[in-house]
A.B. asks: 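Once you've had a glance at the structure underneath, I'll fire off some questions.
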2 protein chains.
Amino acid sequence: MLKFLCELASKDPVYPLQNRISRKQQAIADREQELLGIAFELVKQEGFANLTMERLTKLSPYSKGTLYNHFCSKEDVIVALCNAAMREELVLYRKARDFQGNSREKALAMHFAYLLASERNPVLFNCVLTAKSPFVQEKASQARTLMQQDLEKEITLLIDSLLAQAVEQQELRCDTESSMELMAFANWAMAFGGIALLLNARASHSISRLGGMNPFLFNLNTLLDGMQWQPLSADFDYQASWQRVAHEVFAAEMAELPASLQL
Amino acid sequence: MLKFLCELASKDPVYPLQNRISRKQQAIADREQELLGIAFELVKQEGFANLTMERLTKLSPYSKGTLYNHFCSKEDVIVALCNAAMREELVLYRKARDFQGNSREKALAMHFAYLLASERNPVLFNCVLTAKSPFVQEKASQARTLMQQDLEKEITLLIDSLLAQAVEQQELRCDTESSMELMAFANWAMAFGGIALLLNARASHSISRLGGMNPFLFNLNTLLDGMQWQPLSADFDYQASWQRVAHEVFAAEMAELPASLQL
DNA sequence: ACCTGAACACCGTTCAAGT
DNA sequence: ACCTGAACACCGTTCAAGT
């Protein structure tokens with residue numbers, strides 16, 4: 001359940017790796033992962049309102065004081081969870097990038113990874129937004145906030161290099177320097193908006209009426225067509241690419257998902 | 001500040017209008033508006049974490065028990081605020097629809113209205129998302145939840161009729177029945193995603209690097225081009241339309257905005 | 001019938017006392 | 001040096017007592 005937290009434990013920069021990490025430091029890092037794992041279970045089961053320092057203390061073998069030794073506030077826990085989620089996303093993005101296909105198919109694979117991450121863990125997806133809001137941000141520790149910015153930069157870098165590759169292969173045109181950044185943002189906005197609405201507003205009229213249709217591929221095809229990213233959706237079977245991504249890249253991750261969710 | 005709450009007071013269906021509303025019912029409806037106004041100020045100043053039943057009680061002339069007479073829970077207050085925000089949005093959408101121009105320009109005006117609503121009141125914009133999350137929804141009163149669905153339907157209707165009009169005028173093609181609903185959703189997702197990210201993640205790398213550029217028009221032009229909504233952005237000056245909307249439709253609302261925000 | 005506010009269980013954060 | 005848990009101020013919700 002929380003293996004993603006464990007395997008990333010030693011990477012947390014709050015306790016930076018040294019050539020030889022002291023036993024004590026390692027113990028502290030381990031405990032932090034243990035605490036984050038419990039916090040993760042709390043939000044997973046009942047949403048964010050269910051995460052309280054009180055409950056976190058009671059479910060852990062430690063005292064409140066010790067919790068506050070790791071996290072300067074409740075918000076700090078939230079940002080820490082969000083960072084773990086982003087690290088997990090990064091792993092998926094790297095897999096997506098290696099998909100065999102043209103540049104637009106690779107972009108599709110990246111979006112698939114984003115959607116997959118949100119389906120695997122809906123609450124953490126929302127976490128990423130709330131964690132960025134100024135009210136949360138200002139109560140979190142600086143170390144954790146900086147870490148978040150680093151992770152974000154790393155993701156941005158991946159996207160940028162994909163766009164650059166597409167331009168190089170002449171499948172995408174990019175008139176000015178700045179329009180590349182605008183294109184990156186447009187992709188993020190479209191994907192984020194679609195997922196956030198689907199996750200949170202499933203009951204809403206204009207979403208429930210979509211019935212069994214999968215709006216993601218439609219959204220993406222429309223946006224990428226608007227960017228004139230070749231080949232256009234009229235000339236290529238991106239539905240097939242979407243299926244290929246599911247089977248060739250993310251078969252393992254898909255298998256973990258509840259059967260009710262077909263991407 | 002909270003005039004939008006007042007003018008809509010009598011419309012709240014929790015206390016439905018009758019041919020002759022009793023004096024007592026009117027008093028109750030008034031008090032509810034008063035309470036919502038205070039709640040609004042609380043979230044406006046310091047975000048949602050600042051809204052507590054405790055503070056709401058203290059800032060009002062009433063007791064806790066009376067508050068719970070109006071709102072069955074804290075979440076119920078949030079949904080009530082969200083509904084007020086949606087009513088305000090509706091007013092803007094109606095103004096946008098009457099913009100003189102081709103169908104795609106009208107769509108632009110609708111998006112402008114959405115953006116304007118979010119700039120006028122960032123916290124309530126977020127409110128609309130959190131208010132739809134299942135955890136909040138299940139703690140709110142049914143009356144308020146139903147009201148929310150009605151408001152949503154009304155907004156959807158406006159969008160749908162604009163799309164239908166565009167198809168009728170042959171500026172937009174719509175192959176199947178369902179693709180209209182997909183197009184409506186794509187517009188919502190793009191607009192929502194862009195605004196939510198801009199509001200909450202201004203500090204994030206891939207947003208801060210956009211600098212002074214306004215990504216909204218880019219996002220919209222790209223999406224609507226992808227939908228093949230005529231005339232395409234290459235053949236029409238939508239930048240000019242955007243300015244026209246600001247001046248011709250929303251001059252009054254723009255004037256209220258802090259000068260730092262140029263749409 | 002409606003309003004009040006005391007009461008209860010819970011929460012976030014701190015810090016003196018302990019090891 | 002680090003851990004503990006009592007203490008404090010605050011919060012959401014309820015309900016017996018009042019009018």
Side-chain angles (χ1 to χ4, degrees), chain A residues 14-15 21-32 34-36 38-39 42-43 45-81 130-131 133 135-142 144, chain B residues 14-15 21-32 34-36 38-39 42-43 45-81 130-131 133 135-142 144:
Chain A
V14 176
Y15 302 100
I21 194 170
S22 82
R23 190 162 301 156
K24 177 164 276 179
Q25 276 178 312
Q26 184 57 53
I28 291 177
D30 287 349
R31 193 172 52 197
E32 186 147 320
E34 188 186 351
L35 290 170
L36 273 180
I38 300 168
L42 279 172
V43 300
Q45 282 163 29
E46 304 267 353
F48 265 99
N50 196 41
L51 173 61
T52 66
M53 297 305 262
E54 191 81 30
R55 275 200 260 264
L56 194 48
T57 306
K58 285 217 181 101
L59 285 177
S60 86
Y62 314 108
S63 72
K64 278 196 168 187
T66 300
L67 286 215
Y68 277 89
N69 228 321
H70 286 275
F71 307 103
C72 71
S73 67
K74 184 186 156 160
E75 284 73 18
D76 206 30
V77 180
I78 292 179
V79 175
L81 279 175
T130 50
S133 84
F135 301 110
V136 170
Q137 203 78 229
E138 74 191 9
K139 286 190 180 171
S141 71
Q142 211 200 3
R144 215 102 41 189
Chain B
V14 176
Y15 301 100
I21 195 171
S22 82
R23 189 162 304 153
K24 176 166 277 179
Q25 277 177 312
Q26 183 57 55
I28 290 176
D30 287 350
R31 193 173 50 198
E32 185 148 320
E34 189 186 350
L35 289 171
L36 273 180
I38 299 168
L42 279 172
V43 300
Q45 282 163 30
E46 304 268 352
F48 265 97
N50 196 42
L51 174 62
T52 66
M53 298 304 262
E54 191 81 29
R55 276 201 259 264
L56 194 47
T57 308
K58 286 217 182 102
L59 285 176
S60 85
Y62 314 108
S63 71
K64 279 196 166 186
T66 300
L67 285 217
Y68 277 88
N69 228 321
H70 286 275
F71 306 103
C72 69
S73 66
K74 185 186 156 162
E75 284 73 18
D76 207 32
V77 181
I78 292 180
V79 176
L81 278 176
T130 51
S133 84
F135 302 110
V136 170
Q137 203 78 229
E138 74 190 8
K139 287 192 180 170
S141 71
Q142 209 199 6
R144 214 99 43 185

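Order of the sequence lines sets the chain letters (A, B, ...), proteins ahead of strands, with each chain counted from 1.
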A.B. asks: Quick check: any donor-acceptor pair below 3.5 Å linking the side-chain of B/Lys64 to the base of D/dT14?
C.D. replies: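 There is none.
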A.B. asks: Taking atom C1' of D/dG12 as reference, at what distance in whole Å does atom CG of B/Leu51 sit?
C.D. replies: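 Answer to the nearest Å: 12 Å.
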A.B. asks: Specify the separation, in whole Å, of atom CE of B/Met53 and atom C1' of D/dA9.
C.D. replies: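 These atoms are roughly 20 Å apart.
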A.B. asks: Counting Watson-Crick and G-U wobble pairs only, both distances under 3.5 Å, name the nucleotide matched with C/dA17, or none.
C.D. replies: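 Partner of C/dA17: none found under 3.5 Å.
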A.B. asks: Pick the closest DNA chain D nucleotide for A/Gly65 and for B/Lys139 by heavy atoms, then say which residue is nearer the 5' end.
C.D. replies: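 Mapping each residue to its closest nucleotide by heavy atoms, the 5'-most match is A/Gly65.
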A.B. asks: Take atom NZ of B/Lys74 and atom P of D/dC10, then tell me their distance rounded to the nearest Å.
C.D. replies: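 Taking NZ of B/Lys74 and P of D/dC10, I get 15 Å after rounding.
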A.B. asks: Could you check how far CD of B/Glu54 sits from P of C/dG12, rounded to whole Å?
C.D. replies: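 That distance rounds to 16 Å.
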A.B. asks: Please round to the nearest 0.5 Å and tell me the distance separating atom CZ of A/Phe71 and atom CD1 of A/Ile78.
C.D. replies: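 Here the interatomic distance stands at 11.5 Å.
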A.B. asks: Taking the side chain as every heavy atom from C-beta outward, state whether B/Gln26 and B/Asp30 have any pair of such atoms under 4.5 Å apart.
C.D. replies: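 Of all side-chain heavy-atom pairs linking B/Asp30 with B/Gln26, at least one is under 4.5 Å.
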A.B. asks: Quick check on C/dC2: is either OP1 or OP2 less than 4.0 Å from any side-chain nitrogen or oxygen of B/Thr66?
C.D. replies: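 Indeed not, no polar side-chain atom of B/Thr66 lies that close.
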A.B. asks: Check this one for me: any side-chain N or O of A/Asn69 less than 4.0 Å away from OP1 or OP2 of D/dC3?
C.D. replies: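 Checking D/dC3 against A/Asn69, a side-chain N or O does come within under 4.0 Å of OP1 or OP2.
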A.B. asks: Output the rounded distance in Å from CZ (A/Phe71) to C1' (C/dG12).
C.D. replies: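 The answer, rounded to whole Å, is 15 Å.
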A.B. asks: Check the distance between D/dT4's C1' and A/Lys58's NZ and give it to me in whole angstrom.
C.D. replies: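 From A/Lys58 NZ to D/dT4 C1': 15 Å.
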A.B. asks: Decide yes or no for B/Met53 and B/Val77: does some side-chain heavy atom of the first lie under 4.5 Å from some side-chain heavy atom of the second?
C.D. replies: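 Contact flag for B/Met53/B/Val77 side chains = yes.
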A.B. asks: Rounded to the nearest angstrom, tell me the gap between atom OH in B/Tyr68 and atom P in C/dC8.
C.D. replies: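 Result: 17 Å.
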A.B. asks: From the list D/dC11, D/dT13, C/dC11, which nucleotide is the closest neighbour of the side chain of B/Glu75?
C.D. replies: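 Out of D/dC11, D/dT13, C/dC11, the nucleotide with an atom closest to B/Glu75's side chain is D/dT13.
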A.B. asks: With heavy atoms under 4.0 Å as the rule, sort A/Thr52 into base, sugar-phosphate or nothing.
C.D. replies: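 Sugar-phosphate only.
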A.B. asks: Taking only the side-chain nitrogens and oxygens of B/Arg31, find out if one of them lies under 4.0 Å from OP1 or OP2 of C/dC2.
C.D. replies: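 No, outside the criterion.
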A.B. asks: Starting at CZ of A/Phe48 and ending at P of C/dC11, how long is that distance when rounded to a whole Å?
C.D. replies: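 From A/Phe48 CZ to C/dC11 P: 16 Å.
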A.B. asks: Under a 3.5 Å cut-off for both contacts, is C/dC3 paired Watson-Crick or G-U wobble with anything, and if yes, with which nucleotide?
C.D. replies: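 Matched C/dC3 with nothing under the 3.5 Å cut-off.
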A.B. asks: Could you check which of C/dT4, D/dG5, D/dC2 has an atom nearest any side-chain atom of A/Ser63?
C.D. replies: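 So the nucleotide nearest the side chain must be D/dG5.
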